[in-house]
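The basis for the numbers below is simple: all heavy atoms, side chains too, and nothing from hydrogens, waters or symmetry mates. Residue numbers start from 1 in every chain, and the chains themselves are labelled A, B, ... in the order their sequence lines are given, proteins ahead of strands.
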Number of protein chains: 2
Amino acid sequence: MAPRSRRPERRQEPLSRERIVTAAVELLDTVGERGLTFRALAERLATGPGAIYWHITGKAELLGAATDAVVAAAVTAEPTGTADSPQDAVRAVALGLFDATEAHPWLATQLATQLSRTPWGTVAPRIFESLGRQVQAMGVPEAHWFTATSALMHYILGAAGQNAVNSASAPSAGPSGHHVDRDEFLGTVSTAWQGLDPDEYPFTRAVADQVRGHDDREQFLAGISLVLAGIAALHRPAR
Amino acid sequence: MAPRSRRPERRQEPLSRERIVTAAVELLDTVGERGLTFRALAERLATGPGAIYWHITGKAELLGAATDAVVAAAVTAEPTGTADSPQDAVRAVALGLFDATEAHPWLATQLATQLSRTPWGTVAPRIFESLGRQVQAMGVPEAHWFTATSALMHYILGAAGQNAVNSASAPSAGPSGHHVDRDEFLGTVSTAWQGLDPDEYPFTRAVADQVRGHDDREQFLAGISLVLAGIAALHRPAR
DNA sequence: ACAGCGACTGGAACGGCGTTCCACTCTGGA
DNA sequence: TCCAGAGTGGAACGCCGTTCCAGTCGCTGT
């Protein structure tokens, strides 16, 4: 028999690793890296800190799982129907990751941490696989698969890390204030670079005004094209 | 006895920002990122935590200064006389950073953090300048200076981050145990990749054995060549 | 010679963190 | 019906970054 109404059920839904990770991502997105604490997470899940440890080993695993979840979503997403060429497919994967680091400002730092701390995890293979298949499709000889795919991945991760916006002053979060903040940010960098010592930093000063008002995505894609051109030049000379 | 006519000098050397940063780097190298605490730092400097705050704003600035010090040393170093070509000069700068991340396992994570948190700091311009001068010397048209230099920097930072070894199990630190650990590490990754789902990760599994026993530096330089080839192909078509 | 005064020191204390511990509740199977 | 154990959650522990402040040091004007 099921005596219905009486029991309010210990909780609406039972705690689970998935629910915890989802809440962690939301917390990271809203209050930033420093805001993700076991206490805040417990409060959001209407439980205590101890309960979380039944499902997750510790904070390292929590951050790893959050990173993996976001990367998986970014890499899996197939935005525009089907890509025409392997090169376009590479661009799609790269843009997926790029957009993910913009949507989740904490992602760039975490990617660096996760990949250097536990490269045998699921994050690296996910990215590596989706890029590598396209390298394969481009006709690169097998001996150069690893080199070419690694170069692509390294560039993407490096660029994504660079373009992540500051997440310290989190809670402003204007839904449309994005571009304004970005322009202001670039202006700050440009001005700072122009104020450098002319003897020590002539080149950086010379390109400082190219920084102001440039398009991140465009710049990012230009770099992708550059690496792709390098792959074509070095690893497919006779075609 | 009169209480002290002689003064033992408050300390051998007075506290200074430079001494603090040096000690912080040593602490990071020996006990890792988690081992750098204000208490440990104070003990090493024979003082209290409070004294450090007179010279350094907080932990963020401390980590930034440590990163900057190591990067400055790595970029400034001119290892082998004079480089023959701009391309070789780029390789020299890149290898300097690559070696620095091997000597200081904490550097990769910190670079990502510093560059995404305070890109107007001194770290980014240092790297950007030393790479950009060579891009300039390669004859790249001015309109593409920023794109080409950024691509180089992004690849270098991404690759350096990837190749940083695990620093959690720090204190083994055998002076000659380096290669053994590295081989063991690569073996672990290779085995892990071979054990992936054949349906989801066919490419990663296919290149898994290329991972085992490969030379990090060689691989890194191959990637540099690839980006350089891309620059030559796209930004200097008529020469 | 000496009082005065910033620059600088360092130990104590505070709030908050990750993590551990454990008494407890709930539930499925014997 | 009852019990073993999966699952829970609040209290407590040790350590962290940071702040506070009573001192000490070495210089300055007189």
What residues, two or more places apart in sequence or in another chain, satisfy salt bridge (Lys or Arg N to Asp or Glu O under 4.0 Å) together with A:R212? none
Contacts of type salt bridge (Lys or Arg N to Asp or Glu O under 4.0 Å), residue A:E26, not counting sequence neighbours: A:R44
Starting from [atom2] on [N], measure out to [atom1] on [X] and report it in whole angstrom.
X	N	atom1	atom2	value
A:R19	D:dT8	CZ	C1'	13 Å
A:E61	C:dT19	CD	P	11 Å
B:I20	D:dG17	CD1	P	14 Å
B:L45	C:dG10	CG	P	10 Å
A:Y53	C:dG18	OH	P	7 Å
B:E33	D:dG17	CD	P	12 Å
B:R17	C:dC8	CZ	P	14 Å
B:I52	D:dC20	CD1	C1'	16 Å

Lys/Arg N to Asp/Glu carboxylate O, A:R133 vs A:E129, below 4.0 Å: yes
When you compare the protein's N or O atoms with those of nucleotides 10-16 of chain D, which come within less than 3.5 Å of each other, and at what distance?
unit_1: D:dG10; atom_1: O6; unit_2: A:G50; atom_2: N; d: 3.4

Taking the six-membered ring for Trp, are the ring centroids of B:Y53 and B:F38 within less than 6.0 Å of each other? yes
When you check the phosphate oxygens OP1 and OP2 of C:dA7, does a side-chain N or O of B:H55 lie under 4.0 Å from one of them? no
Is the shortest side-chain N/O distance from A:W54 to OP1 or OP2 of D:dG7 below 4.0 Å? yes
Student check: side-chain heavy atoms of A:V227 and A:V90 closer than 4.5 Å: no
Does the side chain of B:W193 pick up a donor-acceptor pair with the side chain of B:D209 at under 3.5 Å? no
